[in-house]
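Everything below concerns the one structure shown next.
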Amino acid sequence: MPAQSAATEQPLAGGTDLPVLEGKGIERAFGSLRVLRGLDLAIRQGEALVVFGPNGAGKSTLLRILAGLMRPTAGTVAVMGNPVRSHEPETRRPIGLLSHQTLLYDDLTPLENLMFAARLYGLSDPKRRALAALEALEVSGRALDPMRQLSRGTVQRVAIARSLLHDPSIVLLDEPFTGLDVVGAELFRGVLAGELERGRAIVLVTHQLAEVWELATHIGVLLGGRWALHEARPPKLSDFLPRYGELLRG
Amino acid sequence: MNSELASARRIIRLGFALTAIALIAVAGVYVRALMYTPIEVRQGAAQKIFYVHAPAAWAALMAFSVVGIVSALYLWLKDPRLDLFAASSAEVGLAFSVVMLTTGPIWGKPVWGTWWTWDARLTLTLMIFLLFLGYLTLRAALSDPSERARFSAVVGILGLVLVPFIHLSVYLFRTLHPAPILLKPSKPSLPDSMLATLLYALATFTLLYIGFVTTRYGLARAVAAQSGREGTDA
Amino acid sequence: MASWIRLAWLIAAKDLRVELRSKTALLSSLVFAALVLVVFNFARDASLVSSTVLAPSVLWITIAFAAVIALNRAFNLERENASMSGLLLAPISRGVIYVGKFLANLAFVAAVELVTLPLFVLFFNVDIWDSLGGLLGVMALASIGFVAVGTIFSAMVVKTRFAELMLPVLLLPFMVPPLIGAVQVTTRLLSGRPLSEMLGWLRLLAVYDVVFVTLCVMVFPALVDE
């Protein structure tokens, strides 16, 4: 059952045909090492693209480029039709990121961390927004405890709350279920489902397909910097896995 | 990638040629300096070191300006070859500043009675030496080529802007604290033959600098081309 | 413009709060400053060299070294959980991040200076009351200069393995003009010299500050944009 929404109640307005996130011809090289060799993607409201693939395939690099943290060597990334540019800060506003690191300050409390993020995004009534975000992930009870005292699972929930705090149109997630126990994972899936229902879009990188299979609308397999597979999610995971095995062998 | 290696090799050959010419010219200058230029009355034979010291300082300063300007160009144009050129100039500049810093005291001791003096030019070249050292040490400590290029470019630009401030600080210091030295090492009025030797020396050292940097730059391009072919990080 | 200031202050305040909780950098700096002063105190022979000649140099060497220790804190703290990405992701300009870090560093260096000054008076028996205003002024002017450049360099060296060593190596030449100016002005202040004798140095310090703060704000994006 979908959990209480993490931020405001407003669904996304505007034309629903415009992709929330669009990448064209994304390439990235590190020196002479070419990690991404030309990727296209377009994600619309309510869609969830799950990116899957072996280690070193470039999944985290792709996510960083989509988040605007890294410039592609070639290609473009646009959010709601606006190209993401590092010297135009507002183009980053619709983006939310949950990396495999928490982006939090261990010496501050969860509430302080979220209020800092809220102020950074210029949100009105930062304290209320921060508390609401923590509520949605059911960690508001620990809001005033030092982060260092919290368990890994609780910290992860705070990180999730932070990433959704400013109502991002596109949420980018890198191995988000790491550290979450069964209850936390279920809660988080509910939060994500709620976000999708309200018109958000998601790109999720994971090693654990089973956890997100039902949530996904599209699957992308990244192999050697290119899409080996990029299509709507097949109905059954058990059908997909053999195909994935073949892709790896081929 | 083969064409890249070929261009690099051409640049190296050009560099060798220029360096060879420059070395011959340098030898010629020193023959002139030792045999045909009169001995300076007050400083004696030790003054001849001036013909190594001053051009070396000049070359070091020139190398430094090149690093700063090319660094700014790199940040603007993002061409990795500009980064390689700046780094080459820094290495060559470091070598020249070492020459300058060693010949200075060797000249100074017999002439001024002291190994070192904090006059404007010596202090400036010491600072430039330290800046070169910092620049190259930073490059060595960074493994990602893009980071290395961007970060050292910033150091290069900041360093170049620093130079006038160092000069001003020392100048202000000097005017308020006249240095207790017997002879001013800077700009004595030189008789024509000495001035000519000095100018020749400056010209040959400039050519030497160009030769060295070209060679070094060619080598850097070759290394980059090589690692590109093998598909590993440069 | 107003939001710029608000955001820079937000980042600086966050840094201050984190430091007050962890107390790592500030405490090391203060202890270091105290130690250096003690060593200088024992090392000099008061009968040979008068305090007024030696004191300004001692004061500024202490401040310089203690400040360098504190500078690496700014970007080190963002490494723990990759929180730098959080700052870079936010809809704020890169320059704002730099200014926030710069302000936080300036606050720490000011704290070090405000602790060093009384210790200095204590150990070296100098009378600073008459020149206190001037002293605080020159401290501010000189600190702005090397903190501006130090903040930029600390953003770089945090990516290297020997950050604590690399920062002084890079920063030393940049500390020369502010330190020379600071020592010269401090000497004249403590000897009660007229303002006219210090104007040249003060101008140098001011121009240095303006030039380098501006330049650093401009080059900072090149450091953080991959």
Side-chain angles (χ1 to χ4, degrees), chain B residues 64 68 71-78 83 97 118 120 122-177, chain C residues 142 145-146 148-153 155-163 165-185 187-188 193 197-212 214-216 218-226:
Chain B
F64 191 71
S71 291
L73 283 174
Y74 171 76
L75 283 186
W76 177 31
L77 298 170
K78 296 274 188 274
D83 169 60
S97 25
W118 290 100
L122 279 180
T123 309
L124 187 62
T125 18
L126 177 63
M127 290 297 134
I128 289 178
F129 167 74
L130 291 173
L131 284 164
F132 276 139
L133 210 57
Y135 177 96
L136 292 167
T137 320
L138 182 67
R139 283 188 77 91
L142 293 167
S143 44
D144 175 34
S146 162
E147 249 176 24
R148 187 166 54 218
R150 282 180 288 124
F151 287 14
S152 44
V154 170
V155 175
I157 294 169
L158 288 177
L160 189 58
V161 173
L162 179 68
V163 164
F165 284 100
I166 304 252
H167 185 84
L168 265 172
S169 311
V170 180
Y171 172 75
L172 265 182
F173 190 77
R174 282 284 144 214
T175 49
L176 301 170
H177 291 253
Chain C
F146 63 73
V149 183
T151 305
I152 281 282
F153 285 155
M156 289 188 217
V157 303
V158 87
K159 302 273 182 93
T160 68
R161 280 206 318 180
F162 299 110
L165 187 58
M166 290 255 32
L167 184 61
V169 168
L170 285 173
L171 195 55
L172 187 72
F174 293 88
M175 296 188 95
V176 166
L179 282 183
I180 293 183
V183 169
Q184 292 300 311
V185 173
T187 310
R188 284 167 180 71
R193 310 297 302 164
E197 285 189 22
M198 303 179 236
L199 276 179
W201 291 110
L202 290 172
R203 262 197 289 267
L204 179 71
L205 287 176
V207 173
Y208 186 92
D209 289 352
V210 169
V211 167
F212 275 97
T214 313
L215 199 54
C216 288
M218 285 167 57
V219 295
F220 183 72
L223 295 182
V224 288
D225 285 334
E226 291 180 53

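Convention: sequence-line order gives letters A, B, ...; per-chain numbering from 1. Quick caveat, the model's predicted, so the values are computed rather than measured.
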Tell me, side chain or backbone of Val176(C) under 4.5 Å from chain B's heavy atoms, or both, or neither? side chain

With a 4.5 angstrom heavy-atom cut-off, is it the side chain or the backbone of Phe220(C) that approaches chain B, or both, or neither? neither

Between atom NZ of Lys78(B) and atom CG of Asp83(B), what is the distance when rounded to the nearest 0.5 Å? 11.0 Å

Distance from Phe165(B) atom CZ to Leu205(C) atom CG, nearest 0.5 Å? 10.0 Å

Could you grab the distance from atom CZ of Phe153(C) to atom CZ of Phe151(B), nearest 0.5 Å is fine? 11.5 Å

Going by atom types only, do Ser146(B) and Arg150(B) share a side-chain donor-acceptor pair under 3.5 Å? yes

Looking at Ala153(B), Pro164(B), Gly134(B), Ser169(B), which has the largest count of heavy-atom pairs under 4.5 Å with chain C? Ser169(B)

Report which part of Val207(C) has an atom under 4.5 Å of a heavy atom belonging to chain B: side chain, backbone, both, or neither. both

Would you mind checking which part of Leu171(C) comes under 4.5 Å of any heavy atom in chain B, side chain (CB onward), backbone (N, CA, C, O), both or neither? neither

Enter the distance from Leu215(C):CG to Leu160(B):CG here, rounded to the nearest 0.5 Å. 10.0 Å

Report the relative orientation of the aromatic rings in Phe212(C) and Tyr208(C); use parallel for angles under 30°, tilted for 30 to 60°, perpendicular for over 60°. tilted

Leu75(B), part contacting chain C, at a heavy-atom distance under 4.5 Å: side chain

Could you state the interatomic distance from CE (Met156(C)) to CG (Leu142(B)), rounded to the nearest 0.5 Å? 9.0 Å

In terms of heavy-atom pairs under 4.5 Å with chain C, which of Leu168(B), Ile128(B), Leu131(B) leads? Leu131(B)

Whatever's closer than 4.5 Å to a heavy atom in chain B on Val183(C) counts as neither

If you count heavy-atom pairs within less than 4.5 Å of chain B, which of Ile180(C), Val211(C), Leu172(C) leads? Val211(C)

Heavy-atom pairs under 4.5 Å with chain C: which of Leu138(B), Asp144(B), Leu126(B), Leu130(B) has the most? Leu138(B)

Contacting region of Leu223(C) [heavy-atom separation from chain B under 4.5 Å]: both

Report which part of Phe162(C) has an atom under 4.5 Å of a heavy atom belonging to chain B: side chain, backbone, both, or neither. neither

Starting at NE2 of His167(B), measure out to CE of Met127(B) and round the result to the nearest 0.5 Å. 14.0 Å

